[in-house]
Amino acid sequence: HMPLEWAPTPQSPCRKLFSDKVIAQHLAALAAKQQTDGGWPLSWETLSEGVTVEWRGIRTLETLRTLKAYGMI
């Protein structure tokens, strides 16, 4: 797991486990992974295109919530 999975918002209980520098680096890396269609990629293989579409939507919403919580958007 990555730091932003443990601390998806600044108010997350695990946020205090990571330095501001580490969080900033992971936020920048996360933002940079946005694809041309506006979504974010999955980090795992899926069984079908339908599953990929569904989970990319979920992943994109989670990412946008995290970026918004940290003031990145």
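This chain uses plain numbering: 1 for the first residue, then up along the sequence. Just so it is clear, the values below take in all heavy atoms, side chains as well, and ignore hydrogens, waters and symmetry mates.
Interatomic distance, T9 OG1 to R65 CZ, rounded to the nearest 0.5 Å: 12.0 Å. Taken from OG1 in T60 to CD in Q34, the straight-line distance is 8.0 Å, to the nearest 0.5 Å. Atoms CH2 and CD, on W40 and E62 in that order, are 12.0 Å from each other to the nearest 0.5 Å. In this structure, the separation between CZ on R56 and CG on L42 is 7.0 Å, given to the nearest 0.5 Å. How far CZ of R59 is from OG1 of T52: 14.0 Å, rounded to the nearest 0.5 Å. Taken to the nearest 0.5 Å, the OG atom of S19 stands 7.0 Å off from the CD atom of Q25.
Hydrophobic clustering of Ile, Leu, Val, Met, Phe, Trp and Tyr side chains at less than 4.5 Å, counting indirect connections, unites I73 with L4. The hydrophobic cluster containing L61 does not contain W55, counting ILVMFWY residues as joined when their side-chain heavy atoms lie under 4.5 angstrom apart, directly or transitively. Residues L64 and M72 fall within the same hydrophobic cluster, defined by Ile, Leu, Val, Met, Phe, Trp and Tyr side chains chained together at heavy-atom separations under 4.5 Å. In terms of hydrophobic clustering, with Ile, Leu, Val, Met, Phe, Trp and Tyr side chains grouped at heavy-atom distances under 4.5 Å, W6 and L17 are assigned to a common cluster. Residues M2 and V22 are members of separate hydrophobic clusters, defined by side-chain heavy-atom contacts under 4.5 angstrom among Ile, Leu, Val, Met, Phe, Trp and Tyr.
Summarising the local packing, CD of Q35 is surrounded by more than 12 heavy atoms from other residues, nucleotides or ligands at distances under 6.0 Å.
Counted by atom type alone, T63 and T66 present zero donor-acceptor pairs between their side chains at under 3.5 Å.
The two residues C14 and A7 come nearest to each other via the heavy atoms C-CB, 4.2 Å. Between Y70 and P8, the shortest heavy-atom distance links the atoms CE1-O, 3.5 Å.
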